[in-house]
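If you're wondering where the values come from, they're calculated on a predicted model, not measured in any experiment. Residue numbers run from 1 in the order of the sequence given.
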Amino acid sequence: MFIVSIKRKVLKDVEKIPDAVQEKLAALLEDLKERGPVQPSWPNFSKIGKETYHCHLARKWVACWHCEGKSLIIEVYYAGSRENAPY
């Protein structure tokens, strides 16, 4: 079991995205808690850095997270539009 933390800014930004996308984000957070940072079953999942990952929540929406080394803590640092994604 992993611990998933969400940056405060992400919590504010999530309020602005559509409800259906918020539900997908909630499902992703559950998968991260249960299975860890590698989520190949999510659309367009990829490793975007040494310990950084992302996937699509919908066509225009993405989530990004990182997990350092063997840590059991995963930090979601972005959830929002693909246009503004930090990668």
Side-chain angles (χ1 to χ4, degrees):
M1 195 83 151
F2 289 79
I3 297 168
V4 177
S5 69
I6 303 168
K7 286 202 168 226
R8 191 169 286 149
K9 181 174 179 355
V10 172
L11 293 174
K12 287 182 182 178
D13 292 344
V14 166
E15 294 173 2
K16 301 172 190 169
I17 64 179
D19 289 345
V21 178
Q22 289 182 32
E23 290 172 15
K24 287 190 176 186
L25 177 60
L28 173 64
L29 296 175
E30 283 301 313
D31 283 351
L32 290 171
K33 285 178 189 175
E34 292 176 17
R35 297 186 191 101
V38 178
Q39 295 291 326
S41 63
W42 279 84
N44 297 84
F45 167 78
S46 66
K47 191 171 186 176
I48 56 175
K50 184 178 178 189
E51 298 167 331
T52 308
Y53 308 88
H54 100 295
C55 74
H56 288 206
L57 301 171
R59 191 172 73 80
K60 293 182 178 182
W61 306 96
V62 299
C64 302
W65 61 93
H66 71 267
C67 181
E68 294 184 21
K70 303 266 184 207
S71 173
L72 295 178
I73 300 173
I74 298 169
E75 181 181 51
V76 177
Y77 65 89
Y78 181 80
S81 74
R82 263 184 13 201
E83 299 165 353
N84 299 325
Y87 55 79

If only atom types and distance count, is the side chain of [X] paired as donor or acceptor with the main-chain N or O of [Y] below 3.5 Å?
| X | Y | value |
| --- | --- | --- |
| Lys47 | Lys50 | yes |
| Trp65 | Pro37 | yes |
| Glu51 | Gly69 | yes |
| Ser46 | Ile48 | no |
| Gln39 | Asp31 | yes |
| Gln22 | Val14 | yes |
| Arg82 | Arg59 | yes |

Mind checking whether [X] and [Y] sit in one hydrophobic cluster, side chains of I, L, V, M, F, W, Y counted as touching below 4.5 Å?
| X | Y | answer |
| --- | --- | --- |
| Val62 | Ile74 | no |
| Leu32 | Phe45 | yes |
| Leu11 | Ile17 | yes |
| Leu28 | Phe2 | yes |
| Val38 | Leu25 | yes |

Glu83, CD: over 12 other non-hydrogen atoms inside 6.0 angstrom: no

[atom1]-[atom2] distance between [X] and [Y], expressed to the nearest 0.5 angstrom:
| X | Y | atom1 | atom2 | value |
| --- | --- | --- | --- | --- |
| His56 | Lys24 | NE2 | NZ | 11.5 Å |
| Glu34 | Leu29 | CD | CG | 11.5 Å |
| Glu75 | Ile6 | CD | CD1 | 10.0 Å |
| Trp42 | Cys55 | CH2 | SG | 6.0 Å |
| Leu72 | Ile3 | CG | CD1 | 7.0 Å |
| Ser5 | Ile73 | OG | CD1 | 7.0 Å |

Ring centre gap for Tyr53 and His66 strictly below 6.0 Å: no

Heavy-atom pair of closest approach, residues Trp61 and Ser81: CE3-N, 3.4 Å

